[in-house]
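To start, the structure under review is shown below, and the notes come after it.
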Amino acid sequence: DPSVVGQGVTASFTLTVNPPSSGTPTGTITVTDGVDDCVATLPATSCVVALTTPGVRTLTATYAGDANFDTSTSAGFGHTVNPAPTTTTITNAAALGATPTVVGEAFAVTYAVAAAPPGAGAPAGSVTVSDGTVSCTGTVADGTCSLVLTSAGTHTLTATYAGSASFATSASAGAPHTVNQAATTTTISADTPDPSSVGQAVAVSFSVSVNPPGAGLPTGNVTVSDGAISCTGTVAAGSCSLTFTSIGARTLAATYAGDSDFAGGTSATAPHDVVAAGTTTTITNAAILSATPTVVGQAVSVSFAVSAV
């Protein structure tokens with residue numbers, strides 16, 4: 001005293017015959033707190049009762065009587081019952097360690113909560129599994145919850161039982177789990193204008209998506225190139241601008257560099273044509289020439305300019 005929930009408590013008692021009577025009573029004595037009880041057959045002087053309700057309990061012993069002796073009940077005897085200790089275990093830790101997931105992939109974590117000796121009984125309530133950053137919560141009865149880890153690397157999972165009125169909290173040992181980078185797909189969605197002219201800026205749009213079972217938002221840079229000329233933009237921006245300096249057919253590819261959580265990759269190729277740029281040709285000193293006549297046979301300097309349109 002105190003005991004814990006589910007622990008066997010030895011309740012000792014005495015049965016006496018009130019004077020002027022004498023003799024030896026027979027039968028049974030029941031010890032109870034009003035919820036749990038134990039029964040002893042005389043001439044026993046004790047029985048063991050497992051109390052399942054926490055708090056201050058009042059035990060009484062009641063003699064059932066026999067053909068020669070009346071029943072009787074003892075005065076109440078105070079007894080304190082504390083919550084039982086528990087153990088919490090991640091039960092598929094070995095499987096988790098042997099089977100990595102990828103960033104954003106949901107996976108089941110199974111766990112078990114049991115009363116620890118000297119306690120006994122069936123704990124109830126909730127269990128939270130966490131790596132210290134993300135978590136999932138399930139009931140003791142369900143025995144599982146689904147966790148989604150959002151960063152690559154080795155994580156240590158811990159399952160924590162929240163406890164109840166009858167059962168104390170507990171936490172599991174750490175279970176290692178490996179999370180790999182999620183695979184991605186990079187796509188060129190547009191190259192505008194196509195065809196373009198030599199020296200004209202071409203906006204190339206791209207996107208980076210995460211391949212199932214992974215999930216999340218990749219970050220970092222994407223480089224678009226025809227093998228000679230390139231431009232770079234962020235995944236968030238979704239585009240960059242190329243300027244080609246010669247005519248001809250081009251083959252564009254977008255390459256995602258990857259980040260700590262998402263693997264890089266290169267898109268399928270996209271064709272693009274570059275044609276000759278238009279030009280304008282201008283005599284730049286025409287006004288001077290018209291304002292300054294020459295004579296037959298006189299050399300005249302004519303200035304001109306050619307520019308791309």
Side-chain angles (χ1 to χ4, degrees), residues 2-9 33 35-36 50-57 80-184 209-219 259-263:
S3 63
V4 298
V5 168
Q7 181 179 8
V9 175
D33 69 341
V35 177
D36 304 296
L51 301 176
T52 59
T53 305
V56 177
R57 315 303 298 168
T80 299
V81 182
N82 292 328
T86 61
T87 58
T88 300
T89 308
I90 295 178
T91 57
N92 63 341
L96 290 174
T99 309
T101 56
V102 299
V103 170
E105 178 181 2
F107 64 99
V109 181
T110 60
Y111 50 78
V113 180
S126 63
V127 175
T128 297
V129 179
S130 176
D131 72 336
T133 301
V134 297
S135 62
C136 65
T137 299
T139 65
V140 174
D142 287 341
T144 184
C145 66
S146 182
L147 190 63
V148 179
L149 298 176
T150 56
S151 61
T154 299
H155 298 250
T156 300
L157 307 181
T158 303
T160 302
Y161 170 52
S164 67
S166 299
F167 296 93
T169 64
S170 60
S172 71
H177 180 77
T178 300
V179 181
N180 293 328
Q181 289 178 311
T184 61
S209 60
V210 181
N211 298 347
L217 296 174
T219 61
D259 63 15
S260 60
D261 297 324
F262 299 95

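Positions are given from 1, in the same order as the sequence printed here.
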Test item: [X] side-chain N/O and [Y] main-chain N/O as donor-acceptor pair under 3.5 Å:
X      : Y      : result
Asn92  : Ala108 : yes
Thr88  : Ala171 : no
Gln7   : Pro117 : no
Ser172 : Ala159 : yes
Tyr161 : Ala124 : yes

Pairwise side-chain contact, Val5 with Val81, heavy-atom cut-off 4.5 Å (strictly under):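 Of all side-chain heavy-atom pairs linking Val81 with Val5, at least one is under 4.5 Å.
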Thr137 and Ser126: side chain donor to acceptor below 3.5 Å: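 No donor-acceptor contact under 3.5 Å links the two side chains.
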Do you know which two heavy atoms are closest between [X] and [Y], and how far apart they sit?
X      : Y      : result
Thr86  : Ser170 : OG1-OG, 2.7 Å
Ala182 : Gly214 : CB-CA, 4.2 Å
Asp261 : Asp259 : N-OD1, 2.9 Å
Phe262 : Val210 : CE2-CG2, 3.5 Å
Val140 : Pro123 : CG1-O, 3.5 Å
Ala165 : Pro83  : O-CG, 3.6 Å

Rounded to the nearest 0.5 Å, how far does [atom2] of [Y] lie from [atom1] of [X]?
X      : Y      : atom1 : atom2 : answer
Tyr111 : Thr89  : OH    : OG1   : 12.5 Å
Phe107 : Thr101 : CZ    : OG1   : 5.0 Å
Thr144 : Ile90  : OG1   : CD1   : 11.0 Å

Could you list the donor-acceptor pairs under 3.5 angstrom formed by side chains in residues 50-57, with sequence neighbours left out?
from  : atom 1 : to    : atom 2 : distance (Å)
Thr52 : OG1    : Asp36 : OD1    : 3.1
Thr52 : OG1    : Asp36 : OD2    : 2.8
Arg57 : NE     : Asp33 : OD2    : 3.1

Exercise answer: donor-acceptor pairs, residues 145-158 side-chain atoms, under 3.5 Å, sequence neighbours excluded:
from   : atom 1 : to     : atom 2 : distance (Å)
His155 : ND1    : Asp131 : OD2    : 2.7
His155 : NE2    : Ser151 : O      : 2.7

CA sep, side-chain torsions, deciding dist, call: Thr128, Ser135, side-chain hydrogen bond (donor to acceptor under 3.5 Å, both in side chains): CA-CA 7 Å; Thr128 297; Ser135 62; over 6 Å; no
